[in-house]
Every structure is written in structure tokens, then in C-alpha cells.
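In what follows, chains carry the letters A, B, and so on, assigned in the order in which the sequence lines appear, proteins first and then strands, with residues in each chain numbered from 1. These numbers were taken from a predicted model, which means no experiment stands behind them.
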There are 2 protein chains.
Amino acid sequence: MTIDDAPRDALRGGPRELLRWVATGAAVSRADLSRLSGLSPSTVSQRVEALISQGLLEETGAGRSRGGRRPRQLAVPTGGAVVGAIDLGAHHARVGALDLSGRVVRARTLPVRIEDGPESVLGALLAEVATLVGSDPAASADGSAPGALRGVGIGIPGPVQHATGRIVSPSRMPGWNGFDVAAFCAGRVDVPVIVDNDANLMALGAHRTAHSELDHAVYIKAGTGIGSGVISSGRLHRGAQGSAGDISHCRVVADPAPPCTCGNAGCLEAVASGAALVTALREQGVPVSDLTGVIRLIDDGDRQATALARQAGRAVGEILAVVVNFFNPQVVAIGGRLADCEPLLASMRATLYERCLPLATQTLLIERVAAGQDVGITGAAHLVIDHVVAPA
Amino acid sequence: MTIDDAPRDALRGGPRELLRWVATGAAVSRADLSRLSGLSPSTVSQRVEALISQGLLEETGAGRSRGGRRPRQLAVPTGGAVVGAIDLGAHHARVGALDLSGRVVRARTLPVRIEDGPESVLGALLAEVATLVGSDPAASADGSAPGALRGVGIGIPGPVQHATGRIVSPSRMPGWNGFDVAAFCAGRVDVPVIVDNDANLMALGAHRTAHSELDHAVYIKAGTGIGSGVISSGRLHRGAQGSAGDISHCRVVADPAPPCTCGNAGCLEAVASGAALVTALREQGVPVSDLTGVIRLIDDGDRQATALARQAGRAVGEILAVVVNFFNPQVVAIGGRLADCEPLLASMRATLYERCLPLATQTLLIERVAAGQDVGITGAAHLVIDHVVAPA
DNA sequence: TCACTTCCTTCGACTACAAAACTAAGTCAG
DNA sequence: CTGACTTAGTTTTGTAGTCGAAGGAAGTGA
């Protein structure tokens, strides 16, 4: 006798899921939703009506007939910049205004100086969010409720206790330790603010846009720093302390083992992060100023830079091999600025295939995160949307 | 604003949970259940009645008053050996008959020879299950329905595709590759048979008996082989292919790197498993015949054996460090025959604390699996019980 | 003996969902 | 162009699960 697993999601057919189906284009009519969700047509009608009255859904005329009455098309109100999102990085921040479907309405990249401290940095970014949301033509045109800001999601490049919104001993954010981001922001905007780690947000964004049908996924963010986000049973896995996915200080074999900002040596971050590559190249006498320079060198086929990228790829692969064996995900995707670095990717892949159980890699997808520079804010927006369309 | 996470379990107050509360002794009366589950007294009464009529619960007279009417005590029908369980090991199998609360009613350890092949081994073990269940005094006394066998759970010391019940390229089970355990057993017993990896069953058993209030846990089984079981959000995490937790072939630093049965060298299993310790000691000229001998040597303080145990502990700790950083569990517990080996445990602990993020180890429990030799069959029984008390 | 507590059940109401019947609006064959 | 059929969506009605209030059962303690 064969036992199939418990249903993937007890929230089956919840308003959130209906909304997502419409947002992703999987469903266009009430009938579609009924088929997809397994709910009866009457129930779907009822729910849809509720969503419409909340301004979360709208009717957009009749669709094409498939041999019978034409469907009344549904859509998530688009163009309404109602969710703010900030994806804070080491040197830049991506700030955006997104609509309820998680689509980017308007976004900008701003230079930031983390070392200026949280008040200054976050203050400026929140102001930019307000500008982006406020400059919404739809809102200024009709000024109705659907155009109003519903929440702000913020991604931080360091450890965040999601539950409290507090930052805990970040390695590259001087002056931010213990800062309560959520509380600070709550004083500046009067909508819910959700704070999470940047890798988690990338994971959420990438999963929702590219792998929403997969249950278990791991996303690596390799930029200036290195981190990962975990999707388990379709949901973000944050772990006991909210530090799940933080593989930056796992030890890897490297000779000599480069010292890490954390005080140890041979950490993944000290070998495979963008910052590490910059440092290593400089020590070899190569004059690079930042990660962009390193990537250019690699693209140009520079021998030293390429060798370092390979080493970085092996290091990532080494850690990822343990993760894949242990967690057995359906997909491993790599994002961040180093994701476009072919030598790194290639040696990561090779190491992974070499060191994993055949069973674990047999159907494993190893990909690049597709969604580009907006994955982070997309993930942040999804977090907010999930919270706005609250219960189940 | 602080956002609390989604409710841990949408199945809140399901019949399964009620049953578990009674089984664990957390609840004795309907009133207890109402308080624990948050359901209204009327709903609880209704559910309890249903469970009683299914024979899954029974009333056992009145309890002690707490200042008012005396509670009508509830209990899971005990003494009824209604679930069969087999925990197959490399040289021995633990076979048991358990009641609906997951308590062991009767159990035996049998020697097995894996190399005799699945038909022979499983045939004998199933026969033993029948004997243990059949010799139930309660069943023969009143012969009523509650005494009837409801299902059999089987743990296999190798990779199992839980969904199909098939064994996939096990490293130490010649003749078992591709064997469909579930189908074979289905032909011999007329109740559901559930097959899973032995480490998964240990994890389930240990979690249910000792850590049921924790969401995320990792259990290491270190015996002849080495494996792990993962609890994520309170549920067994099996991963995409059902191979999650199989860390036996993760590479660790070891010099020289001992060859592994899988063809590679330096696998965790080749360094830290019981089989590896036996092999290594023999190569050093120490005459040991099996794992029991090794453990005796270690307990006696033998220098060579202890050194190997330390090395094994470091190797486990090394892998576990990555796992803890990545998964951020609330507890890591070690079971299996090597769990009682102090030097191994000590160096595992040390390595873990040295290599993990402080945030991840700050509140991390590192323990020995408490439940003893019956954890496996207990886990198997729980799997069956969960399936019998089917939906939510 | 009486007030009060605890335990549990009964009953009416509410909610979520579904099934069935129905309306609406189309296609297509003859 | 007409009538049979299809698809889409609504309305009505029914059912199952849950809760709250009320009350009965069975105790304690002043």
C-alpha cells in the first residue's frame, strides 16, 4: 500500500491563494479559480466578492468564450503602488513601490553608506519609498482607497530576528547591532513594517516568481556578502532564532585560510563573498576598487580573478553539498551579483554533483535566480501582501 | 510593529492532536482538552465521543476533584497491541507491538542477516510481528475490534522513497536495491504498511516523546551506519526525493581519507560510523569483531579507540555545524549505539560550538536521544497511528 | 445547608462550504 | 434562425463544524 503525504498546504483555497493565482495569471475567471482551488463555484464567487470589496481584486470586462458564456475576467488592481519595499545592500539599496500582485510599479537604486548608521540610512530610504508611492499617478488621479500604502517590507544584509524586527550582531554593518528596525520605522510610517534578512527576501521573491509549485528550495545570495534563504514545504523557513540560511561562517577548506571579519578563519564568507574576492585580488597586487571591478576582470578572463572565482565556487559547492544532502531540495538557485560569474557557477555545480548523493541530485535543478535586481523588493512585497491579506 | 509568525499548525485541535494529548498524559479529561486545544467544551465533547466510538479513546472512571465535579477520565485503550513496528538494523531488528498511544506493549530484538535478502528477512520479521500482536492477552480475552491490528510501520537502514515504499541504492544492504518493501508486505498483511528510513523513524519517535513542543529539530543516528532525521515545523521533513537527512556521504576532512563503500573517500560514514570504527581499529591491529567491542574498548579508555572516537565526533560536528547554521534547529540530539560514547559526544559538542554562529547555538539544545532502544519502533508506530487516525 | 467550583452536556445560532437549481450568455449543427 | 449544447456565474438551500449561553451533574467548603 502506498501512502501519499499529507496535503502540502492546509491553507488550500484561502483568499491569499486565490489572489496569487490571479496575480500569476494562472486563473482569469471565477471558473478557473474553482477548478484550481477545488472549491465549489459558489464559494469562489463569495470569496471573490469579498476580495473585490476589499479592493484586492477587480473585474476587467469579459474574456473570450470557450464555447459558452464568456468569463468575467478578474485581475489584481494594477498600477496601484500600494506596497513599499526596500532591499538594503552593502553599497546600494533598491527601493520600490509595488502593486498588490507583487509587480514592480516603480523602483530606484540608491547609493547608501551603511556606516552612516540606521537612522540616517533608513530615514532616507523611507522618504524615497514615500516619494515612489506618492508619485503614483493612479492614486493622484482618483485618490481612492486602493491607492493607499498598505505596508512596507525591508530586507537587511545581516542577521535579523524576524519576530522582533531587531538586528543581531551583523558582521558588516557597524552601528547597527541591536537596532530595532521595525520599531524605528513604525514611528515614521503608519502602516505595518516587516523586516527580514535580504537572502530570505530573495528566496521568497524567487520562489514566488519562478518555483511556486516546488515545495523545497534553497536560494544562495552571493554578493558582497554571502547568505541563503530556505523554502520548506512552500514556506520560508526561518528556524529557531530566525538565523536559518546563514551559512556565511561555515568553514570551508582553503589554503591559506583567509581571516574573516568574525574573528575566525576559513569562513565561507572569507573565501567566496564579493568582499573576499576584492580583498584577495588586492593582496595579489591587482588594483580593483570594488566587486564591479572584480566581475569585470573575471568577464575579461583575468587569470588570477578567474582562479579565485573557481575557488569561491568550490567553497560554495562544498557547503551546498552538505545542505543538499541534508535538506534534499528540488531546486538550488544562486542569485546576487556573483551569480552571473560563470567560472564560479561552473565549479559550484561540479562540486555539488561530485559530492552529493546521486538520489539527491538526480532531479535537482541548479539554476541562476532569474528575477534580476528586483527579486529582493519583490520578496519584500510578497511578505507584506501575505500579511495584509491576513488570515490564511 | 511586531509580526508573529503563522500559527504553527493549521491542524490545531484535530482528532490526532487530542489523541496525542491524552496519550502523553497532558490531558486527562475533556476539560483539559478544551483548555489545551482552545476548542470550546462542547466541541471537545463531540470529538471525544467520536474518538470513543472509533475505539481510539475510552473512559476510565472518575478522577480526583479539584473543587468541583470530578472529571471523567480519558485514556487511550492500553494494553491493546494494535500497531506492529519493525526497526531493522544492520545486525539486529527491534520488533514490537504497540498500542494506540504509541506505548510499547511487547517488543523483542532479533538477530538478522541483511544479506539473506528482503524476502527472507522481512518474512521472518513480519511473522514475529504477527506473533507479538497475536499473543495479546487483551485481544484473546475479549476478541473485540480494538484488539485488531491496524497497521505496520517499518524502518530500513538505508535510503527509502517513502512515497512508494521502495529502497534506493542502499550502501550496506546487498540484494535490497530497488526492492519494494511496501508492496511485498502488502501481500502478507492486510493492513496498511508504512516504510521509512530508520533515522527518520528515530527522529519522529524522539520528537514525539521528548520534544513535541519544539518546531525544528535534528536527530543524528550513529550506529553501524550514520544518518539523520529532520523535523521542520513539527513535521518530518523528507525532502524532494525522500532522502533528506542522509548525510552519510558528506565529505569531511580526514587524513588519510578512508575509502567509503560508495566509492568515494572521506565520507562521514567512512570516518564516523560504527562500521568505520571497527575497520579502522582492525587496520591498526586491534582485534575487535564488532561495534560492541569498539564501544567496550572506548569505555575502558583504550587510547587508539578513544582517539578514533574523538575524530569521529569532530567529523560529525563538522557536518552538523553546517546543518545547524543552515537549518537553525532548537535541538540537535544524537542517538544510536554510538550516542553513549562520551569522547565522541564531547568532541562533537566542542566542534559544534566552535563552528556555529553564536546566534544559532545560543539557545540550541545538544542532547542524547533519551528514549533508548525503542525509539525506532515508537516512531514507526506514530507514523502508523497518524495514518490510522487519518485526516487532520 | 447553601454558595461556589469544576466538569460536562444540551441547545440555538452562526459560519463556511457545497450541491442543486437556475440565470446568463455564448457556440454550433442543421 | 432555431434549438441543443456548453460554459460562466448566481441564488437558494442544506449540512457540518464550531461556539456561546444555559443548565444539569457532582463535587468542596464555610
Side-chain angles (χ1 to χ4, degrees), chain A residues 7 9-19 21-22 25-54 56-76 389-392, chain B residues 6-19 21-22 25-54 56-76 389-392:
Chain A
D9 203 345
L11 313 173
R12 198 210 65 176
R16 209 135 84 186
E17 205 163 7
L18 295 188
L19 207 54
W21 272 316
V22 174
V28 167
S29 64
R30 291 165 176 78
D32 287 345
L33 285 175
S34 173
R35 279 186 291 265
L36 279 169
S37 66
L39 293 159
S40 73
S42 48
T43 306
V44 169
S45 266
Q46 210 172 277
R47 294 244 176 128
V48 166
E49 194 162 6
L51 288 170
I52 289 176
S53 77
Q54 287 175 56
L56 300 174
L57 219 49
E58 65 183 12
E59 287 197 0
T60 58
R64 177 177 227 81
S65 164
R66 294 196 303 176
R69 169 176 172 175
R70 288 187 312 208
R72 297 164 62 177
Q73 287 184 301
L74 298 172
V76 174
V389 188
Chain B
R8 160 175 175 175
D9 203 346
L11 313 173
R12 195 210 67 176
R16 209 136 82 188
E17 206 163 7
L18 295 189
L19 206 55
W21 272 316
V22 175
V28 168
S29 64
R30 292 164 176 79
D32 288 345
L33 286 174
S34 173
R35 278 187 292 266
L36 280 170
S37 67
L39 293 161
S40 72
S42 44
T43 306
V44 170
S45 266
Q46 210 172 279
R47 293 246 177 129
V48 167
E49 194 162 7
L51 287 170
I52 290 177
S53 77
Q54 287 175 56
L56 299 175
L57 219 50
E58 63 183 13
E59 286 195 1
T60 58
R64 177 177 226 80
S65 164
R66 295 196 301 174
R69 171 175 170 176
R70 287 187 313 206
R72 296 165 62 179
Q73 286 186 301
L74 299 172
V76 173
V389 188

For the pair made of [atom1] in [X] and [atom2] in [N], what is the distance, rounded to whole Å?
X	N	atom1	atom2	value
A:Leu74	D:dA8	CG	P	12 Å
A:Gln46	D:dT13	CD	C1'	13 Å
A:Leu39	D:dG9	CG	C1'	15 Å
B:Leu51	D:dG17	CG	P	13 Å
B:Glu59	C:dC8	CD	C1'	10 Å
B:Asp32	C:dT6	CG	P	13 Å
A:Glu49	C:dA16	CD	C1'	15 Å

Quick note, salt bridge (Lys or Arg N to Asp or Glu O under 4.0 Å) partners involving residues 36-45 of chain B, not counting sequence neighbours, are none
With the side chain defined as heavy atoms from C-beta on, A:Arg47 is closest, among C:dC7, D:dA8, C:dC17, to C:dC17
Value for CG (B:Leu74) from CG (B:Leu19), rounded to nearest 0.5 Å, stands at 10.5 Å
Interatomic distance, CG@A:Leu33 vs CD@A:Glu17, rounded to 0.5 Å, equals 10.0 Å
Between side-chain atoms of residues 59-67 of chain B and protein atoms elsewhere (two or more places apart, or another chain), which donor-acceptor pairs fall under 3.5 Å?
unit_1  : atom_1 : unit_2  : atom_2 : d
B:Glu59 : OE1    : B:Arg72 : NE     : 3.3
B:Glu59 : OE1    : B:Arg72 : NH2    : 3.1
B:Glu59 : OE2    : B:Arg30 : NH1    : 3.1
B:Glu59 : OE2    : B:Arg30 : NH2    : 2.5
B:Glu59 : OE2    : B:Arg72 : NE     : 3.4
B:Glu59 : OE2    : B:Arg72 : NH2    : 3.0
B:Ser65 : OG     : B:Gly67 : N      : 2.9
B:Ser65 : OG     : B:Gly68 : N      : 3.1
B:Ser65 : OG     : B:Gly68 : O      : 2.6

Restricting to nitrogen or oxygen on both sides, can you table the protein-nucleotides 19-26 of chain C pairs closer than 3.5 Å?
unit_1 : atom_1 : unit_2  : atom_2 : d
C:dA19 : N6     : A:Ser42 : OG     : 3.1
C:dA25 : N3     : A:Arg69 : N      : 3.2
C:dG26 : OP1    : A:Arg70 : NE     : 3.4
C:dG26 : OP1    : A:Arg70 : NH2    : 2.9
C:dG26 : N2     : A:Gly67 : O      : 3.3

- Task: Under 4.0 Å between any heavy atoms, over every strand shown, what does B:Arg64 touch: base, sugar-phosphate, or nothing? Just pick one.
- Result: nothing
Side chain B:Thr43, main chain B:Leu39, donor-acceptor under 3.5 Å:
no
More than 12 heavy atoms of other residues, nucleotides or ligands under 6.0 Å from CD of B:Gln54: is that the case? yes
*Between D:dA8 and A:Arg66, is there an OP1 or OP2 to side-chain N/O distance shorter than 4.0 Å?*
yes
